[in-house]
Amino acid sequence: SSNFYFVTVCFTTIYFTVYYKCVKVVSSNIHSNYKTYIPWFYTFALYTILSFTVVTAFRYNLAVLYFSWCMLEYVINGKKKFLYLSILTPFIHFSFLFYIVLPFGYLFINKLKYRTNIALLIFVLSFIYSNSGMSSVVSNLSKQYLSESVSSQVDAYASEDGVKANAKRYKKAVENGSARRAINRGIIDYSRQILMFSVVFFIVRRKRFLAKNKFYEQLLLLALLSYSLTNFVSSVLHGSR
């Protein structure tokens with residue numbers, strides 16, 4: 001539809017329903033002593049996670065929230081069906097074709113005895129190999145194991161020519177960019193700083209939290225593996241997203 005009000009209602013209803021599902025899983029596992037702060041938690045999350053491009057990047061942002069919801073339900077509430085529901089994320093946005101390795105990586109590592117230490121080691125190594133030139137590897141793998149239609153789309157982003165073409169396109173967009181684009185990039189950087197601070201904080205204080213509730217160990221493990229995977233594929237165009 002081209003009707004502004006109809007599209008606004010549809011986008012808002014879909015997006016914030018999934019957003020609410022994510023926050024509800026987390027808030028329902030918070031200790032009762034902190035229940036008073038939950039409304040503030042909603043507000044804080046809303047203004048630090050959401051960008052000004054929710055509408056213009058609706059599919060991508062919805063995919064992020066849907067995948068997050070599936071992971072939270074599986075990791076925190078132990079609902080195994082969400083492990084398989086997360087596989088549907090690439091049908092919302094193509095970029096998650098590579099990221100769906102996360103739930104199965106978590107499933108494997110979570111069974112190991114020293115899972116938290118292993119996740120910490122992977123986390124550290126991910127920074128060392130964050131610019132290891134994964135684009136060509138991803139491009140070659142897609143040509144070998146994926147269909148022609150899918151691999152051609154991967155090639156447009158991950159191949160050497162694809163990276164160069166997109167780099168020119170984005171450079172031009174930045175030069176002719178709007179205030180909204182600049183503000184959006186600022187919010188993304190701000191959110192990343194908050195995320196990194198939160199992860200480091202939980203690493204340093206993990207013993208205190210893990211002694212209280214197993215929920216924190218699962219959340220920390222997921223955060224470490226998620227951040228690590230992002231670092232490993234950051235050299236692929238859009239990998240950092």
Side-chain angles (χ1 to χ4, degrees), residues 11 14-15 17-19 21-22 49-51 53-75 79-110 119 122-123 125-127 129-167 169-170 173 184 188 191-192 195 221-241:
F11 275 31
I14 295 171
Y15 191 86
T17 296
V18 184
Y19 167 76
K21 292 287 187 180
C22 291
I49 295 174
L50 303 184
S51 67
T53 56
V54 169
V55 174
T56 55
F58 176 72
R59 288 187 305 107
Y60 174 73
N61 285 305
L62 181 62
V64 170
L65 283 183
Y66 174 79
F67 186 81
S68 300
W69 174 40
C70 289
M71 289 295 90
L72 289 171
E73 288 281 14
Y74 171 65
V75 171
K79 298 180 179 179
K80 291 186 178 181
K81 69 176 183 179
F82 283 94
L83 174 66
Y84 304 104
L85 287 175
S86 66
I87 301 175
L88 300 176
T89 314
F91 291 96
I92 302 175
H93 197 278
F94 179 77
S95 61
F96 274 83
L97 180 66
F98 308 108
Y99 211 69
I100 55 176
V101 69
L102 175 63
F104 299 98
Y106 169 85
L107 181 64
F108 173 75
I109 292 177
N110 192 43
I122 295 173
F123 180 64
L125 291 175
S126 71
F127 285 94
Y129 295 100
S130 60
N131 293 301
S132 55
M134 290 283 290
S135 289
S136 59
V137 176
V138 170
S139 181
N140 291 333
L141 287 174
S142 67
K143 290 176 181 177
Q144 292 180 29
Y145 300 106
L146 301 179
S147 65
E148 185 177 350
S149 60
V150 175
S151 63
S152 62
Q153 190 169 354
V154 173
D155 196 59
Y157 286 96
S159 68
E160 186 175 347
D161 292 336
V163 171
K164 289 180 180 179
N166 280 282
R169 182 164 61 90
Y170 281 103
N184 180 54
I188 291 173
S191 299
R192 284 176 179 170
L195 177 60
L221 187 62
L222 180 65
L224 289 172
L225 293 177
S226 178
Y227 214 125
S228 300
L229 180 60
T230 299
N231 285 336
F232 279 125
V233 300
S234 64
S235 60
V236 181
L237 191 66
H238 292 316
S240 58
R241 293 174 71 183

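All of these numbers come straight from a predicted model, not from anything done at the bench.
Between Leu225 atom CG and Asn110 atom CG the span is 9.0 Å, to the nearest 0.5 Å. Note that NE2 of His93 is 12.0 Å distant from OG1 of Thr89, once rounded to the nearest 0.5 Å. Note: Leu229 CG to Tyr106 OH = 15.5 Å, rounded to the nearest 0.5 Å. Taking OG from Ser228 and CG from Leu102, the interatomic distance works out to 9.5 Å, rounded to the nearest 0.5 Å.
Just one of Ile87, Leu83, Val75 meets the side chain to side chain contact (heavy atoms under 4.5 Å, CB included) condition when paired with Pro103; it is Leu83.
Remark: Ser226 pairs with Tyr99 by the side chain to side chain donor-acceptor pair (under 3.5 Å) rule, at least two apart or across chains. Residues passing the side chain to side chain contact (heavy atoms under 4.5 Å, CB included) test with Ile92, sequence neighbours excluded: Leu62, Ala63, Tyr66.
Proximity of Leu97 to Phe94: side-chain heavy atoms (C-beta onward) are separated by under 4.5 Å at one or more points. With a 4.5 Å cut-off on side-chain heavy atoms, Pro90 and Ile100 count as touching. Counting heavy atoms from C-beta on, the side chains of Ile122 and Leu224 never come closer than 4.5 Å.
Note: Phe96 and Phe67 have tilted aromatic rings, judged against thresholds of 30 and 60 degrees for the angle between ring planes.
Residue-environment remark: CZ (Phe104) exceeds the threshold of 12 foreign heavy atoms within 6.0 Å.
Sorted by first then second residue, the salt bridge (Lys or Arg N to Asp or Glu O under 4.0 Å) pairs that include residues 61-75, not counting sequence neighbours, are Glu73-Lys79.
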Check step by step if side chain to side chain contact (heavy atoms under 4.5 Å, CB included) holds for Leu85 and Tyr74.
-> CA-CA 10 Å; Leu85 287 175; Tyr74 171 65; over 6 Å; no
